[in-house]
Amino acid sequence: MYVIKRDGTRVLFDINKIVNAINKAMIHVDGSLYETETAEEIADIIASEGKDMTVEHIQDRVEEELMKSSRPDVAKAYILYRDQRTKERDRRSKLIRTVMRRTDATAVENANANVDEKSFSGREKEASSDIQKIIALDYTLSPEVANAHRGMLLYQHDMEKTNIGEHNCLFVDFNKLFTDGFVTRNGDIRPPSSYSTACQQVAVIFQCQSQVQFGGVGTVHLDRDLAPFVKKSFRKHIKNYLTDVQYYSDETAIMLMDGFEKEHGEICIDNLELQSISGYPDAYNYAMKQLEREGKQSSEALYHNLNTLESRAGSQVPFTSINFGRDTSTEGKLVQKWMLNASLAGVGKHHLTPIFPISIFQYKSGVNAEPGTPGYALKQHAIESLSKRIYPNFVNCDYSQAHEDPNNPDTFFATMGCRTMLGMDIHDKENPYNRVGRGNLVPNTMILPKLGIEYGICLGKREKADLEGFWNAFEDLLKLCEQGLLERYDIMVNQCAAAAPFMYQNGTMKDAQTCRESVYNALRHGTLARGYLGIAETMT
């Protein structure tokens with residue numbers, strides 16, 4: 001006699017396997033094995049059929065004979081155990097099928113436009129994501145939150161990141177990194193000394209930071225971050241004029257520049273003495289020409305880098321956002337101009353509209369909103385880029401809930417990632433609306449049409465919408481959304497700093513360098529975001 005297994009293979013019939021399976025069910029019910037006669041009798045009955053059988057047939061016969069015997073309680077335990085094993089096998093089989101569909105690229109969904117699901121790394125990423133999602137739903141999140149996700153009521157974004165405790169978005173503290181330099185796994189980087197090197201470092205910092213989070217990286221005020229390096233480059237070009245055109249030695253050039261500054265003030269674009277004192281207008285014109293060339297090339301290089309640095313699995317480029325528009329210094333306005341020109345120029349030989357960085361223009365009364373304000377021409381320039389290149393987005397810094405401190409640029413209203421904004425930092429009493437070094441840790445999206453269908457009229461259950469039922473259910477959904485966010489937050493803050501060395505060694509996040517075994521000190525400054533979708537469909 002042979003037994004035909006579920007995969008079609010044939011093995012010799014073994015009566016002891018039937019006896020052992022029944023005895024296990026008896027032990028489960030009785031606590032220990034008091035008698036073996038029932039198991040042996042049933043096994044003999046099945047064996048007496050004298051023909052090849054499938055595993056399923058044998059199990060069906062065991063159930064039948066147990067029900068006929070004096071032990072229906074054992075039959076129930078056997079049935080429950082069999083059902084549990086069937087579910088486990090189905091789950092494993094489903095998981096394998098899911099993974100294979102990803103690795104074979106037969107399940108390409110392009111759920112994230114920034115991921116190439118047909119690439120080697122993309123297939124590996126998506127297969128791994130599917131496994132992590134199953135673990136999150138079955139073992140990590142509470143049953144209430146997991147069932148809300150399965151039931152398409154509350155969407156857990158990037159759920160595959162739940163188990164490892166990775167966070168979402170961040171406004172990087174560029175001023176700190178530009179002042180101190182930064183360390184990567186394989187080296188350390190000195191602070192930039194020119195506009196071109198600063199632009200290169202922006203791309204590198206964005207890339208490194210994107211490796212330790214799953215969402216977007218941004219800057220609150222790129223114009224203000226880069227303006228000091230415009231000044232450094234201008235000064236460097238003045239020196240180059242003295243050495244390369246006038247053929248002074250480096251020492252003599254530095255001496256001449258120091259002497260000028262003692263008499264006429266700092267060497268910078270706004271120093272009119274440079275344009276009037278004999279011998280210096282030529283140096284000024286030379287420096288401005290070189291500065292414009294450097295600004296154009298470096299800004300375009302930043303755009304090209306951020307569209308070509310494939311720093312994540314699936315050929316992803318960093319999801320980057322740059323806010324600018326508020327710096328009214330000459331250097332800051334040059335940064336804005338160069339960035340907008342780079343946006344208009346496009347990338348590559350066909351000058352395509354760049355996907356990243358997402359540029360965001362900070363609209364503000366008294367700064368750039370009205371004719372005659374310092375940045376009005378740049379606002380018009382931004383509108384031209386918006387019209388032709390989709391970007392920049394505009395953020396309304398006059399918004400009543402912007403909560404800006406006019407004396408602190410780090411509080412200037414800015415958006416990040418998928419245009420997320422930050423709320424109040426309850427752990428910073430002195431400066432609760434500082435935005436630099438903070439981010440949105442994780443978003444949950446409430447799927448409102450689910451409630452609209454349930455409490456509306458479209459199913460024909462009622463003639464008039466049940467508004468009271470809707471609002472009660474919505475209140476419950478808000479609480480469930482909060483629960484889901486806090487469950488993921490608890491996992492995040494219990495990670496150790498070694499999980500994200502670039503962030504915690506370099507202090508890209510507020511208080512990051514105080515973190516060791518827990519990252520609570522840094523992540524407590526972030527926010528947890530609720531979102532909703534389908535409001536129009538819900539109302540209908």
Side-chain angles (χ1 to χ4, degrees), residues 172-182 188-205 219-303 305 322 324-342 374-375 377-378 409:
V172 176
D173 188 348
F174 275 95
N175 182 56
K176 184 182 187 310
L177 272 62
F178 283 160
T179 301
D180 301 337
F182 56 92
D188 62 288
I189 306 297
R190 295 187 299 273
S193 58
S194 67
Y195 182 75
S196 59
T197 54
C199 284
Q200 291 171 359
Q201 288 193 18
V202 168
V204 172
I205 292 166
T219 168
V220 173
H221 35 55
L222 185 68
D223 44 359
R224 188 171 293 270
D225 294 328
L226 291 178
F229 303 100
V230 177
K231 185 172 288 189
K232 285 178 180 289
S233 283
F234 179 78
R235 183 182 177 86
K236 184 177 289 188
H237 293 310
I238 291 287
K239 179 176 175 289
N240 289 342
Y241 175 84
L242 295 174
T243 56
D244 297 347
V245 179
Q246 300 287 4
Y247 299 110
Y248 289 115
S249 67
D250 285 348
E251 293 78 9
T252 302
I254 293 172
M255 184 179 67
L256 289 170
M257 293 171 68
D258 289 344
F260 177 92
E261 290 189 319
K262 286 180 181 178
E263 288 191 40
H264 307 290
E266 181 186 19
I267 291 177
C268 63
I269 300 172
D270 290 335
N271 190 334
L272 299 180
E273 300 290 327
L274 277 170
Q275 302 176 55
S276 59
I277 296 177
S278 175
Y280 282 97
D282 288 342
Y284 180 90
N285 293 334
Y286 174 89
M288 284 303 298
K289 183 177 180 180
Q290 295 301 318
L291 183 65
E292 282 290 344
R293 179 179 297 166
E294 179 184 358
K296 176 180 185 295
Q297 291 178 339
S298 302
S299 301
E300 289 184 1
L302 175 61
Y303 268 73
N305 281 330
I322 55 173
F324 57 82
R326 299 285 294 275
D327 191 337
T328 57
S329 70
T330 299
E331 292 82 5
K333 290 194 289 185
L334 281 173
V335 174
Q336 296 173 43
K337 181 186 77 170
W338 292 332
M339 291 297 160
L340 290 169
N341 284 342
L378 286 161

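What you see below is based on every heavy atom in this structure, not just the backbone, and it leaves out hydrogens, waters and symmetry mates. Note that the numbering runs from 1 along the sequence shown for the chain. Note that the structure is a prediction, hence the values are computed from the model and not measured.
Side chains of Lys289 and Arg293 form a contact here, defined as non-hydrogen atoms less than 4.5 Å apart. Between Lys232 and Tyr195 there is no side-chain heavy-atom pair separated by less than 4.5 Å. At least one side-chain heavy atom of Phe260 sits less than 4.5 Å from a side-chain heavy atom of Asn271. In this structure the side chain of Ser249 reaches within 4.5 angstrom of the side chain of Thr252, judged on heavy atoms.
The backbone N or O of Ala227 lies less than 3.5 Å from no partner atom in the side chain of Asp327, so there is not a single donor-acceptor pair. Judged purely by atom type and a 3.5 angstrom limit, Asp223 has no side-chain atom pairing as donor or acceptor with the backbone of Val335. When atom types are taken as modelled, the side chain of Gln201 and the backbone of Arg190 share a donor-acceptor pair closer than 3.5 angstrom. In this structure a side-chain-to-backbone donor-acceptor pair under 3.5 Å is missing from Asn305 to Ala203. The backbone N or O of Ser194 lies less than 3.5 Å from no partner atom in the side chain of Ser233, so there is not a single donor-acceptor pair. Between the side chain of Ser299 and the backbone N or O of Lys296 there is no donor-acceptor pair closer than 3.5 Å. Checked by atom type and distance alone, the side chain of Glu294 pairs as donor or acceptor with a backbone atom of Ser196 at under 3.5 Å.
Shown here for Gln275 and Pro281, the closest heavy-atom pair between the two residues is O-CG, 3.3 Å. Cys268 approaches Leu274 most closely through the heavy-atom pair O-CD1, 3.5 Å. Tyr303 approaches Met339 most closely through the heavy-atom pair OH-O, 3.5 Å. Closest heavy-atom contact between Pro192 and Thr197: CB-OG1, 3.4 Å.
Distance CG/Leu302 to CD1/Ile322: 6.5 Å, rounded to 0.5 Å. The distance from the CD atom of Glu266 to the CD atom of Glu273 is 13.5 Å, given to the nearest 0.5 Å. In this structure, CG on Asn285 lies 6.5 Å from CG on Asp282, to the nearest 0.5 angstrom. The CG atom of Asp225 lies 8.5 Å from the CG atom of Asp173; values are rounded to the nearest 0.5 Å. In this structure, CG in Leu177 is found 4.5 Å from CD1 in Ile205, a value given to the nearest 0.5 Å. In this structure, NE2 in His221 is found 7.5 Å from CG in Asn175, a value given to the nearest 0.5 Å.
For the side-chain contact (heavy atoms from CB on, under 4.5 Å) with Leu291, the qualifying choice from His237, Lys236, Lys231 is His237, the only one to do so.
Summarising the local packing, OH of Tyr286 is surrounded by more than 12 heavy atoms from other residues, nucleotides or ligands at distances under 6.0 Å.
Ion pairing between Lys239 and Asp250 holds under the 4.0 Å rule for side-chain N and carboxylate O. Under 4.0 Å is where a charged nitrogen must lie from a carboxylate oxygen, and between Arg235 and Glu261 at least one such pair does. Residues Glu331 and Arg224 are not paired through a salt bridge, judged by the lack of any N-O separation under 4.0 Å between the basic side chain and the carboxylate.
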> For Val204 and Phe182, what are the C-alpha separation, side-chain angles and deciding distance, and is it a side chain to side chain contact (heavy atoms under 4.5 Å, CB included)?
Replying inline: CA-CA 10 Å; Val204 172; Phe182 56 92; 4.1 Å; yes
> Are Leu378 and Lys333 close enough, and set up right, to give a side chain to side chain contact (heavy atoms under 4.5 Å, CB included), and what steps lead you there?
Replying inline: CA-CA 8 Å; Leu378 286 161; Lys333 290 194 289 185; 3.7 Å; yes
>> Checking Phe178 against Phe229 for the ring-ring contact (aromatic ring centres under 6.0 Å, His included) test, could you report, in this order, the C-alpha distance in whole Å, the side-chain angles of both residues, the deciding distance, and whether it holds?
In response: CA-CA 10 Å; Phe178 283 160; Phe229 303 100; 5.1 Å; yes
> Given Ile269 and Leu334, is the side chain to side chain contact (heavy atoms under 4.5 Å, CB included) satisfied, shown in steps?
Replying inline: CA-CA 11 Å; Ile269 300 172; Leu334 281 173; 3.7 Å; yes
> For Leu340 and Phe324, what are the C-alpha separation, side-chain angles and deciding distance, and is it a side chain to side chain contact (heavy atoms under 4.5 Å, CB included)?
Replying inline: CA-CA 10 Å; Leu340 290 169; Phe324 57 82; 3.9 Å; yes
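Of the N and O atoms on the side chains of Trp338 and Glu300, not one donor lies less than 3.5 Å from an acceptor on the other residue.
Checked against the 6.0 Å centroid threshold, Tyr284 and Phe234 count as a close aromatic pair.
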